[in-house]
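Report on the structure given below.
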There are 2 protein chains.
Amino acid sequence: MNRALLTALLALAAPALADEGMWTLNDFPADKLKAKYGFGPDKAWLDHVRLSSVRLAGGCSASLVSADGLVLTNHHCVRRCVEKLSTPKADYIAAGFYAKAEKDELKCQEFELNQLEAITDVTARLNAATRGAAPEKFFELQKQEMAKIEKECATSDEVRCDVVTLYRGGRYDLYQYRRFQDVRLVFAPEQAAAHFGGDPDNFNFPRYSFDASFLRVYGKDGKKLKFDHFLKFSPAGAREGDLTFVSGNPGGTNRTLTLSQLEFERDVRLPWLLSRIAEVRGTLNEFGKKSKEAARISNGNLMQIENSFKALRGRHAALADKAFFGTKVAEEQALRKKIEADAKLKPQFASAWSEMDKVVERQRQLYKDFMILEGGPGSELFGIARLLVRAADELPKANPERLKEYADARLPPMKQKIASNAPIYDDLEELTLAWGLTKLREELGADHPTVVALLGKQSPEALAKAAVKGSKLKDPKERQKLFDGGKAAIDASKDPMIALARAYDADARAIRKKYEDEIDGPVRKIGEVLAKARVAVRGAGEAPDATFTLRLNYGTVKGWSLGDKTVTPVTTLAGAFARHNGSEPFALPKSWLDAQKKLDGTTPYNFATDNDIIGGNSGSPVINKEGEVVGLIFDGNIHSLGGDYGYDGVLNRAVAVHSAGILAGLRTIYGATRIADELVPAAAPAGGK
Amino acid sequence: MNRALLTALLALAAPALADEGMWTLNDFPADKLKAKYGFGPDKAWLDHVRLSSVRLAGGCSASLVSADGLVLTNHHCVRRCVEKLSTPKADYIAAGFYAKAEKDELKCQEFELNQLEAITDVTARLNAATRGAAPEKFFELQKQEMAKIEKECATSDEVRCDVVTLYRGGRYDLYQYRRFQDVRLVFAPEQAAAHFGGDPDNFNFPRYSFDASFLRVYGKDGKKLKFDHFLKFSPAGAREGDLTFVSGNPGGTNRTLTLSQLEFERDVRLPWLLSRIAEVRGTLNEFGKKSKEAARISNGNLMQIENSFKALRGRHAALADKAFFGTKVAEEQALRKKIEADAKLKPQFASAWSEMDKVVERQRQLYKDFMILEGGPGSELFGIARLLVRAADELPKANPERLKEYADARLPPMKQKIASNAPIYDDLEELTLAWGLTKLREELGADHPTVVALLGKQSPEALAKAAVKGSKLKDPKERQKLFDGGKAAIDASKDPMIALARAYDADARAIRKKYEDEIDGPVRKIGEVLAKARVAVRGAGEAPDATFTLRLNYGTVKGWSLGDKTVTPVTTLAGAFARHNGSEPFALPKSWLDAQKKLDGTTPYNFATDNDIIGGNSGSPVINKEGEVVGLIFDGNIHSLGGDYGYDGVLNRAVAVHSAGILAGLRTIYGATRIADELVPAAAPAGGK
């Protein structure tokens with residue numbers, strides 16, 4: 001790691017060499033790109049890519065790949081849908097899923113897709129709303145103005161509008177999306193192929209995963225839609241050295257945090273999260289051993305947990321590395337030194353860092369209580385109960401006065417959640433809720449008033465069992481009744497899960513308000529100052545930190561070297577068979593073993609590029625200059641994990657499924673001809689012999 | 001935490017106020033004590049306390065409390081013995097244990113007690129052995145000399161001799177113990193009483209735990225022994241404000257680490273350990289839910305894991321606290337500044353810190369591989385297999401050439417382990433081994449040569465299952481045969497656990513050698529320089545960091561205040577009944593509920609003192625000026641956890657069971673008259689009405 005980061009250091013010192021930057025689509029550095037690669041996308045190219053890109057609101061990226069609304073994304077992005085459509089008898093996670101005909105395409109519960117239609121700068125409105133505000137009022141005022149702007153924009157449930165904070169307050173843009181809530185599963189491979197290599201290979205390369213799936217978007221009336229913009233699918237795909245674009249929604253980066261904020265990450269937040277996640281991992285892993293059914297209902301959560309653990313551990317390792325942290329120290333010191341030395345800049349900006357230090361000091365005190373109480377004890381049913389309890393309190397208020405997520409423009413996902421009939425499993429609910437209640441007692445102490453009020457003389461396990469067994473919230477009709485009945489219905493409800501959520505709520509709201517007033521508001525206010533300070537010293541032209549909104553970046557298909565080890569950037573189907581050993585997670589499914597002889601082993605399968613991506617980019621198309629899909633992002637290498645805090649062009653790599661590998665799989669392994677033909681209408685070479 | 005540590009800061013700035021220091025018995029500051037409290041123990045008092053104190057070699061402290069070898073320690077210190085004596089039908093953990101007659105006292109497997117008979121300064125010999133040694137040779141030379149010294153001293157298996165490194169190399173003392181390996185269980189309460197409050201109350205106060213048990217020491221011939229030195233038991237016990245001594249074996253402190261070493265703790269070691277431990281915690285907790293028997297065989301491990309987690313998290317929190325870490329920065333800077341400013345000291349000492357920085361940088365690179373490979377994958381059977389495999393290689397070598405733990409003077413515990421017929425449970429073994437192999441693959445990567453060699457095409461689970469099921473090492477006779485058969489027997493063995501240990505060993509030894517040469521040796525060499533530097537600047541008269549050897553410290557029975565909360569130092573039996581709510585871990589056992597009316601509720605039960613203790617002190621007697629037992633250390637408060645890195649006299653508290661509470665329990669709850677009479681021959685007031 002140290003050697004790697006020493007290399008990273010050199011890379012950071014020479015930014016011109018590295019293709020850093022998750023660029024917004026309305027501020028893409030086409031000229032810079034043209035100077036380096038001889039190609040700069042024009043507005044039409046950018047608009048086409050933007051409208052062909054879609055976001056899975058739950059946390060992934062995707063792309064439209066046919067005029068008929070076929071959507072390409074990762075298997076791990078649709079895993080929850082596949083799982084919820086499965087039953088003990090029809091387990092599509094294990095067996096895979098293929099809708100032979102359009103009528104067989106099955107609706108995903110609680111899925112939403114967003115297509116970015118317009119971006120509008122609303123910085124002036126936001127600034128006007130908070131001008132002169134005290135730090136502790138800042139959040140509330142900003143939230144109110146955002147709610148107003150979003151409501152004006154969201155003229156129907158099919159329009160989604162989010163005000164996005166860029167540059168941590170340097171700019172506010174209104175993102176207007178077309179919202180799709182009828183999303184259906186078309187194709188998913190077996191988990192064993194999609195997640196081949198499992199946790200050991202996760203965030204590693206070379207790689208051999210068929211982490212690809214297809215969805216289809218339908219209209220509100222349940223009918224098929226026609227799309228003007230979609231990406232053509234390239235049967236040949238990417239080669240080493242090719243220029244590649246990735247269009248997707250990186251979830252978040254923290255490259256412009258101050259040192260005290262980074263120390264908070266390193267010393268407080270990440271260690272706390274890591275040990276929580278590790279405990280859940282152990283719990284779920286052991287839970288899943290009880291029976292095949294226990295494994296089936298919990299493996300999705302386990303996979304997610306393992307992924308988070310590895311990702312956060314990589315982030316922590318980056319901050320714990322003295323050389324890497326040293327670059328952050330040097331960067332901040334250089335910035336502050338220039339400001340201190342400039343008589344004009346100093347009075348505007350110099351105090352911002354020490355102000356932030358004070359806020360972070362307070363954040364250290366409030367963080368755990370906030371996470372525990374406002375985070376809630378976990379469990380799907382508790383989440384639904386809290387949603388109903390809060391909706392009853394919030395919805396009667398004027399729109400801007402509500403908790404952010406209850407503003408009018410934000411209601412469609414809530415309605416979807418209430419109406420969902422996705423299965424909820426008692427065993428897993430009890431486990432999760434009991435664990436959450438145990439942590440509540442552990443973190444706050446057995447004598448904390450909230451703990452005493454909630455648990456009384458009961459153990460967490462007994463309380464969880466009673467609440468899950470006694471609750472009727474698994475029934476969407478029951479939820480709808482409580483939602484429609486409002487405050488009176490909630491107050492009168494005898495449902496034990498509603499009672500639990502009610503009992504939590506006063507303390508949870510109190511710590512949330514404290515946190516928003518004392519942390520979020522001041523951080524946002526100081527964020528605006530720091531953003532201006534950066535521009536004043538370093539000029540504009542840097543990409544903003546990621547915000548789970550559409551970004552485009554560029555790079556090339558490229559391996560890397562570390563010490564005496566060189567990694568080439570493209571793997572083949574033959575490599576997957578070579579890695580197969582018959583023991584999970586290195587066991588290819590039967591479909592692959594049966595098809596082995598028919599496949600051309602030299603077909604490219606997975607590949608690495610130096611595109612600057614991060615979690616949330618999963619499912620993003622890798623696009624060539626011609627705007628064609630040449631691959632499908634599904635991971636990064638181990639060195640990409642520090643990318644949260646700084647991009648290292650020497651070692652940081654994105655990892656994708658190759659378009660030729662996808663086609664070969666569809667045609668030769670899965671016989672998914674309908675989909676292969678929809679992607680590449682004329683039969684094209686697809687890795688078959 | 002920040003507020004607490006700000007207070008701690010003030011405390012550290014005024015050391016005269018705080019009774020810091022875990023003093024060696026041959027260097028006790030009696031004069032300093034006399035000046036403050038009007039009482040300074042003389043040599044006879046110190047010798048008496050030393051010879052009345054015993055160490056449980058497995059990691060606890062204890063004291064002789066009768067001429068017939070009765071030993072007082074914590075329940076959690078003998079828990080493993082109680083567990084191993086239990087069966088599904090006679091579960092002494094749940095029901096408690098009381099030997100009504102001497103003949104009913106049951107032998108504890110793998111227990112060893114040590115009584116410290118003599119201390120000899122061997123610094124000159126150690127220094128001579130390593131004079132002029134290169135850092136990478138330092139460890140080996142020192143180890144060889146230590147093995148020689150220990151062998152000369154250990155004239156029989158009943159004499160235990162350890163060279164102890166004090167002041168991280170400032171001084172080396174030879175500790176000569178009388179060793180007892182026939183130790184029998186006399187009395188243990190129910191787990192529900194001993195660990196009342198469970199994990200939530202652990203490291204907290206006020207407290208209501210009967211964490212006390214009794215053992216008896218027997219001679220090598222299995223006959224009772226007579227002791228000249230033992231501590232009298234005080235029926236009245238300690239009161240608020242009383243001067244209290246704690247005589248015991250604090251396991252280790254890190255108060256004199258350099259800043260780079262502390263950063264390593266904060267950024268690498270503790271986060272890594274915490275997430276490992278957290279995962280094991282989740283795993284064991286869920287494992288134990290499978291059945292009553294699964295709970296019975298795993299709860300001891302779970303308790304230990306929960307205790308470690310909370311302890312290490314507290315330590316991490318101390319280092320993560322900017323104010324606390326700031327005191328360590330200030331301390332080191334002050335020391336270095338004085339050295340830099342002194343023309344005589346500078347050439348001797350100034351470079352030591354930067355040399356240490358370089359070693360720690362290397363330690364960051366080697367640490368995980370060392371822990372994973374030399375630590376091994378866990379499981380008792382694997383531990384036994386490795387012991388046998390290594391013994392076959394090591395014992396034929398000359399004594400000083402062997403791995404440290406195979407030197408002649410260190411063999412008795414190994415022989416005890418081989419002969420032990422303590423139960424080993426397949427389920428738990430498989431779980432532990434599979435987990436360890438999974439972590440091996442996770443940490444080193446699926447393509448690491450060791451991983452490939454060990455796992456081949458098998459999953460960790462499959463390999464673990466085969467190794468556990470196929471191994472005969474549960475049988476002590478089989479172990480003895482392999483031990484006696486030496487290298488030839490080991491090489492010829494088809495036992496799959498032996499095979500696994502053999503396959504591990506080359507890589508484990510290689511990383512261990514690297515670690516000893518590149519880390520341990522240099523750290524020890526620089527440690528000697530730093531110790532001298534401290535004395536040169538600050539003078540002698542500081543207590544050395546703890547080393548799991550006998551220490552004596554003093555303090556008073558004392559509560560504390562934090563913010564608007566004041567905690568009084570003594571709880572009562574009535575308080576335990578008030579806290580009882582019927583739900584585990586707040587459920588008192590039936591014996592208590594039955595006895596409630598007979599008990600005097602005002603009897604003191606648990607209490608807090610400001611004695612400077614740490615893990616390893618568990619089971620230490622709390623002693624008054626008269627040399628009587630007034631209490632039994634079993635825990636510290638939450639503020640004591642940072643005590644690893646610095647003592648805070650304002651908030652750091654030791655937590656003990658009160659001698660009056662112990663007597664009341666023995667007489668009135670448990671009817672353990674034989675023991676109560678042995679402690680306090682004349683019937684004395686014992687909390688009975």
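Letters go in sequence order (proteins before strands), and every chain restarts at 1. These values consider heavy atoms only, across backbone and side chains, with no hydrogens, waters or symmetry-generated copies.
- Looking at B/K322 and A/S260, their side chains come closer than 4.5 Å, going by heavy atoms from C-beta outward.
- Neither the backbone nor the side chain of A/F264 comes within contact range of chain B, judged by heavy atoms closer than 4.5 Å.
- With respect to A/E442 and B/R281, a salt bridge is recorded, a charged nitrogen being found less than 4.0 Å from a carboxylate O.
- Remark: B/L274 CG to A/W272 CH2 distance equals 13.5 Å, nearest 0.5 Å.
- A donor-acceptor distance shorter than 3.5 angstrom exists from the side chain of B/S583 to the backbone of A/K457, with no hydrogens or angles considered.
- For chain B, the nearby part of A/R313 is the side chain; its heavy atoms alone come within less than 4.5 Å.
- Using a 4.5 Å cut-off between heavy atoms, A/K310 makes no contact with chain B at all.
- At least one side-chain heavy atom of A/L431 sits under 4.5 Å from a side-chain heavy atom of B/E286.
- With a 4.5 Å cut-off on non-hydrogen atoms, A/W435 does not touch chain B at all.
- Within the 4.5 angstrom heavy-atom criterion, only side-chain atoms of A/E263, from C-beta onward, approach chain B.
- Salt-bridge check for A/D201 with B/R441: failed, with every basic side-chain N at 4.0 Å or more from each acidic carboxylate O.
- Interface residue A/H316: only side-chain heavy atoms are found under 4.5 Å from chain B.
- Residue with the most contacts toward chain A among B/A446, B/G445, B/A320: B/A320 (heavy-atom pairs, distance under 4.5 Å).
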